[in-house]
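Here's the structure we're looking at; comments come further down.
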Amino acid sequence: MSPAGVVACLNLLLLLPVAARIVNDGQQHWPVPYRRFDRRPAVDSYCEAVYPFCPTGDRDGRVPYVRDSDVISVYRLQTPVWEFKYGDLLGKVHIMHDAVGFSSSESGANYTMEWYELFQLGNCTFPHVRPDVHAPFWCNQGAACFFEGIDDLHWSQNGTLEKIGTLTGNQFNDMAQWVQDDNTTGIYYETWTVRSEPGPNATVWFESYDCSQFVHRAFRKLTELGAKLSSGSQTNYTKIYLYSGEPAFLGNDSAIFGQPALKNLAEDIRQFYHTFRPHQSLADFALSLLEAYEKVVLDKSFYLYYNFEYWHLPMKPPYVRITYEEVPLP
């Protein structure tokens, strides 16, 4: 699709009912708030996980209640993504997974609490482009998993297992209810944080919603409940950034893929995501890398799916960056 065609499609979108995206003062507020829901929808049978979600724990994030008199130790847990398969490989580029651990002084039981993708990271980052469905098909749910035990070797060998505080049993039980509420209303995973530039004065257009963000929310909640958290080491977390000029709102599936006047835009979005399709051969993957470079760097274009709506990002240097930066405990 030519640049003129994209501009024409974007101009047509001005005729669509997108006033809801604009606040009363006529300006879009940034970052765009993450949308929450009343309930978690059923999973479509098309979505399949290579590794089952929460195989030994509670898939709804339910946390067992403890006696109010119990004293619960809190642990910060971090390990390279897919450490169980690749060891420290992804840790060398600081692609880390985060969780929270708990230990009961009364029962001696240990627990792990984490929030992650139901169908692996790739499915949450890019959709399936199906020949029988015109709109890209997303398998992007994420959820909390709570299970008994802490795999000490898994977390400590190439990552972090550090006690950072204690809770009363009552505080732990209050946190358990918060986890249920948070897990029911925050249902989809978002890989990207989108900013205007790398510097400290950058505008944040979109925030990620991933495992580390869940850990940050949990730590803030524990602090609100009265817990005192502290770490003897720097608390760093993985962030995956996109850099762009001000994003342009495009619409949801029905607004784009149900409008004959926008068929060129719809096809451009499909072609963009086709580049990142799963299960490619080595030769196709090499070609896709070149196509991705052309789209993102040369054409300076990226389509972001956020809150079940599409946005166009006018990309700019350095385009994409993975960082491992400090986020202090609350």
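If you're wondering where the values come from, they're calculated on a predicted model, not measured in any experiment. These values consider heavy atoms only, across backbone and side chains, with no hydrogens, waters or symmetry-generated copies.
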Give, for atom [atom1] of [X] and atom [atom2] of [Y], the distance between the pair rounded to the nearest 0.5 Å.
{"X": "Asn170", "Y": "Ile72", "atom1": "CG", "atom2": "CD1", "answer": "11.5 Å"}
{"X": "Arg270", "Y": "Arg277", "atom1": "CZ", "atom2": "CZ", "answer": "12.0 Å"}
{"X": "Asp70", "Y": "Thr166", "atom1": "CG", "atom2": "OG1", "answer": "11.0 Å"}
{"X": "Asp174", "Y": "Asp68", "atom1": "CG", "atom2": "CG", "answer": "8.5 Å"}
{"X": "Arg35", "Y": "Asn307", "atom1": "CZ", "atom2": "CG", "answer": "7.0 Å"}
{"X": "His128", "Y": "Cys47", "atom1": "NE2", "atom2": "SG", "answer": "6.5 Å"}

Treating Ile, Leu, Val, Met, Phe, Trp and Tyr as nodes and any side-chain heavy-atom pair under 4.5 angstrom as an edge, say whether [X] and [Y] lie in one connected cluster.
{"X": "Ile150", "Y": "Phe147", "answer": "no"}
{"X": "Phe126", "Y": "Val129", "answer": "yes"}
{"X": "Phe37", "Y": "Val32", "answer": "yes"}

Just do the disulfide (SG to SG under 2.5 Å) check on Cys124 and Cys139 with the steps written out, would you?
CA-CA 6 Å; Cys124 288; Cys139 298; over 6 Å; no
Does the side chain of [Y] come within less than 4.5 Å of [X]'s, by heavy atoms?
{"X": "Pro127", "Y": "Phe137", "answer": "no"}
{"X": "Met315", "Y": "Leu242", "answer": "yes"}
{"X": "Ile269", "Y": "Pro136", "answer": "yes"}
{"X": "Ser244", "Y": "Val194", "answer": "yes"}
{"X": "Trp82", "Y": "Tyr51", "answer": "yes"}
{"X": "Thr79", "Y": "Met96", "answer": "no"}
{"X": "Asp38", "Y": "Thr185", "answer": "no"}
{"X": "Glu117", "Y": "Phe53", "answer": "no"}

Is the positively charged end of [X] above the ring of [Y], judged by distance under 6.0 angstrom from the centroid and angle within 45° of the axis?
{"X": "Arg62", "Y": "Phe146", "answer": "no"}
{"X": "Arg321", "Y": "Tyr241", "answer": "no"}
{"X": "Arg76", "Y": "Phe102", "answer": "no"}

Other residues, nucleotides, ligands: >12 heavy atoms within 6.0 Å of Leu282 CG
no
If only atom types and distance count, is the side chain of [X] paired as donor or acceptor with the main-chain N or O of [Y] below 3.5 Å?
{"X": "Tyr273", "Y": "Tyr303", "result": "yes"}
{"X": "Ser231", "Y": "Ser233", "result": "yes"}
{"X": "Glu190", "Y": "Trp192", "result": "yes"}
{"X": "Asn183", "Y": "Cys145", "result": "no"}
{"X": "Arg67", "Y": "Ser69", "result": "no"}
{"X": "Gln171", "Y": "Leu225", "result": "yes"}
{"X": "Gln259", "Y": "Ile256", "result": "no"}
{"X": "Tyr65", "Y": "Gly169", "result": "no"}
{"X": "Ser208", "Y": "Asp210", "result": "no"}
{"X": "Tyr116", "Y": "Cys54", "result": "yes"}

Looking at residues at least two apart in the chain, or sitting in another chain, which of them share a ring-ring contact (aromatic ring centres under 6.0 Å, His included) with Tyr324?
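Tyr324 satisfies ring-ring contact (aromatic ring centres under 6.0 Å, His included) with His94 once adjacent residues are dropped.
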Do [X] and [Y] have side-chain atoms, one donor and one acceptor, less than 3.5 Å apart?
{"X": "Ser288", "Y": "Thr275", "result": "no"}
{"X": "Asn173", "Y": "Gln177", "result": "no"}
{"X": "Thr193", "Y": "Lys239", "result": "yes"}
{"X": "Glu106", "Y": "Ser104", "result": "no"}
{"X": "Asp98", "Y": "His216", "result": "no"}
{"X": "Asn236", "Y": "Glu326", "result": "no"}
{"X": "His97", "Y": "Glu114", "result": "yes"}
{"X": "Ser254", "Y": "Asn252", "result": "yes"}
{"X": "Ser73", "Y": "Ser103", "result": "no"}

I'd like to know if Arg40 and Asp60 make a salt bridge, using a cut-off of under 4.0 Å between side-chain N and carboxylate O.
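No, this pair does not count.
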Using salt bridge (Lys or Arg N to Asp or Glu O under 4.0 Å) as the criterion, list what pairs up with Glu48, not counting sequence neighbours.
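Salt bridge (Lys or Arg N to Asp or Glu O under 4.0 Å) list for Glu48, sorted by chain: empty.
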Distance-minimising heavy-atom pair for [X] and [Y]:
{"X": "Leu262", "Y": "Ala255", "answer": "CD1-O, 3.6 Å"}
{"X": "Gly165", "Y": "Leu229", "answer": "CA-CD2, 4.2 Å"}
{"X": "Ala49", "Y": "Phe119", "answer": "N-CD2, 3.7 Å"}
{"X": "Val63", "Y": "Met175", "answer": "CG1-CE, 4.5 Å"}
{"X": "His312", "Y": "Ser301", "answer": "NE2-OG, 2.8 Å"}
{"X": "Pro247", "Y": "Trp30", "answer": "CD-CH2, 3.7 Å"}

Ring centre gap for [X] and [Y] strictly below 6.0 Å:
{"X": "Phe257", "Y": "His134", "answer": "yes"}
{"X": "Tyr34", "Y": "Tyr188", "answer": "yes"}
{"X": "Phe206", "Y": "Trp311", "answer": "yes"}
{"X": "Phe249", "Y": "Tyr310", "answer": "no"}

Trace of the ring pair (Phe, Tyr, Trp, His ring centres under 6.0 Å) decision for Phe272 with Phe276
CA-CA 8 Å; Phe272 174 81; Phe276 302 97; 5.3 Å; yes
Under 30°, 30 to 60°, or over 60°: which ring-plane class applies to Trp138 and Tyr305, parallel, tilted or perpendicular?
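Judged by the thresholds at 30° and 60°, the geometry between Trp138 and Tyr305 is parallel.
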For Tyr189 and Trp115, take the angle between the two ring planes, folded into 0 to 90°, and tell me which bin it lands in: parallel under 30, tilted 30 to 60, perpendicular over 60.
parallel
Could you go step by step and tell me if Trp155 and Tyr75 meet the ring pair (Phe, Tyr, Trp, His ring centres under 6.0 Å) rule?
CA-CA 11 Å; Trp155 298 104; Tyr75 298 88; over 10 Å; no
Which is it for Lys221 and Asp182 under the salt bridge (charged side-chain N to carboxylate O under 4.0 Å, His left out) test, yes or no, and what are the steps along the way?
CA-CA 11 Å; Lys221 185 62 182 181; Asp182 184 81; over 6 Å; no
